[in-house]
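Take a look at the structure below.
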There are 2 protein chains.
Amino acid sequence: MPRPDELQSILKHWREAVPEDRLAHLIRDAARAQARALQMRLLEHAVSFGHWSFLRILWEANGLTQSELSARAGVMEPTTYAAVTAMERLGLVRRRQLSGNRKNVHVYLTPKGRALRSKLIPLAEEVNRISVGGVSAADVATTRRVLLAMLDNLAGDGAAPANSVRRVPSTRELSRLPARAQQRARKSAPA
Amino acid sequence: MPRPDELQSILKHWREAVPEDRLAHLIRDAARAQARALQMRLLEHAVSFGHWSFLRILWEANGLTQSELSARAGVMEPTTYAAVTAMERLGLVRRRQLSGNRKNVHVYLTPKGRALRSKLIPLAEEVNRISVGGVSAADVATTRRVLLAMLDNLAGDGAAPANSVRRVPSTRELSRLPARAQQRARKSAPA
DNA sequence: TCCGCATTCTTAGAGATGTAAGAATAATTG
DNA sequence: CAATTATTCTTACATCTCTAAGAATGCGGA
């Protein structure tokens, strides 16, 4: 989440040196800028950016299970678990199990969680309005279409080039060295 | 970093329910999909996605200080510090102080770090090629222009609506409750 | 010149997210 | 029906990034 002055610097970077394939980088920067803009606004309502995505799903589909929530949010279950736990502590949602199934945990909005909707949605709309200010609707539509196409193109990736495994190669595998080292460093000065 | 099957589900979501202002969400998903595609390829060379951005900067400007690196990467200094430490441990870079200044720490690529360039750049180009497959150059250009405009629009944000402070309102401030709780939970079952 | 402020690096710790693995429960099938 | 398999939640731990604060160093004005 870069700060405003750094955004300026990033902008400068984009205006000056835009070689060739930097589209991916641009997308990343734009995503971060938007996330930051929204987060600043959400914080005034004591909602973190992480919770926003889950709240938004629940406003549309209250009572989903945690795994359904995970799928819709596009994150793994531990992420959802942590977020739901935090939101429950903040009184925004409640876990409940329905009779007949002791495995599934359904997540329900509390009145407080539901009430946030009318406050938070306008903030997202404001950020959107600011973002696309001065951009024609046609260009926004094109951008949307291109991003969708990219998502489509990349969704097939991962199955991939046949010449190697390349199937979610367990992040650890090779980062084990630095991991261990960091851990060692941390533990060498505990209390 | 969602998995391929989840990407499918995300895609479906975008094709079916695309209400109004979801552009921000789309940008986020696209950024994640691209990051993931690149990361999978980088891992085969023992490079994490986090290191990639720093390496790329150093290939263009070897010997920057850590704070210069931070500015160019658009991240805070602790992030850079951690990444440089990890990369140093992996033998990709070396910290060095120039005589005349004992404060600034310059970061230099090792031969190993430099050699990665010719291996890694093609991977990024491949991801880019896959991403924009089937999209016209004109549409890509439009997308680039729109994203740049968005970045521009959002860069001014943060100074903001005059009716409230809204100046990087210290992420902690309100998330203090859940934070404490998590900490408590973690410490209640240590060794 | 020297003192105070600014810069730079570093440390501490929180939060989001991921992978891996465990436990409980449901579903399926021989 | 019982045993195996799959699903769901949970825990553990790693990584990346941030904010906050400390320490060392450099710099500029009284």
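As the structure is a computational prediction, the values presented were derived from the model and not from experiment. For the numbers below, each heavy atom of this structure counts, side chains included, while hydrogens, waters and symmetry mates do not.
- The closest side-chain donor-acceptor pair between S48(A) and Q39(A), if any, does not fall under 3.5 angstrom.
- Distances shorter than 4.0 Å separate none of the side-chain N or O atoms of S67(A) from OP1 or OP2 on dT7(D).
- Residue contacts for Q66(A): at a heavy-atom cut-off of 4.0 Å it reaches the sugar-phosphate backbone alone, with no base atom in range.
- Contact check, N101(B) against dG26(D): a side-chain N or O comes under 4.0 Å of OP1 or OP2.
- For dC16(D), the OP1/OP2 oxygens have a side-chain nitrogen or oxygen of S48(B) closer than 4.0 Å.
- Within 4.0 Å of T79(B), counting heavy atoms only, lies at least one base atom of the nucleic acid.
- dT17(D) atom P lies 12 Å from atom CG of D29(A), rounded to whole Å.
- Taking only side-chain nitrogens and oxygens, R36(B) never comes nearer than 4.0 Å to OP1 or OP2 of dT17(C).
- Taking every heavy atom of residues 103-110 of chain A and every atom of DNA chain C, pairs under 4.0 Å involve K103(A), by number.
- In terms of position on DNA chain C, the residue among P78(B) and P78(A) whose nearest nucleotide sits closer to the 5' end is P78(B).
- Where A83(A) and G100(A) each meet DNA chain C at their nearest nucleotide, the meeting point lying more 5' is that of A83(A).
- Applying the salt bridge (charged side-chain N to carboxylate O under 4.0 Å, His left out) test to R95(B) and every residue at least two apart in sequence or in another chain returns E88(B).
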Which pairs of donor and acceptor atoms, one on a side chain in residues 99-109 of chain A, lie under 3.5 Å apart (sequence neighbours left out)?
from	atom 1	to	atom 2	distance (Å)
N101(A)	OD1	K103(A)	N	2.6
N101(A)	OD1	N104(A)	N	3.0
H106(A)	ND1	G63(A)	O	2.9

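- The nearest whole Å value for the distance from the CD atom in Q97(A) to the P atom in dT10(D) is 8 Å.
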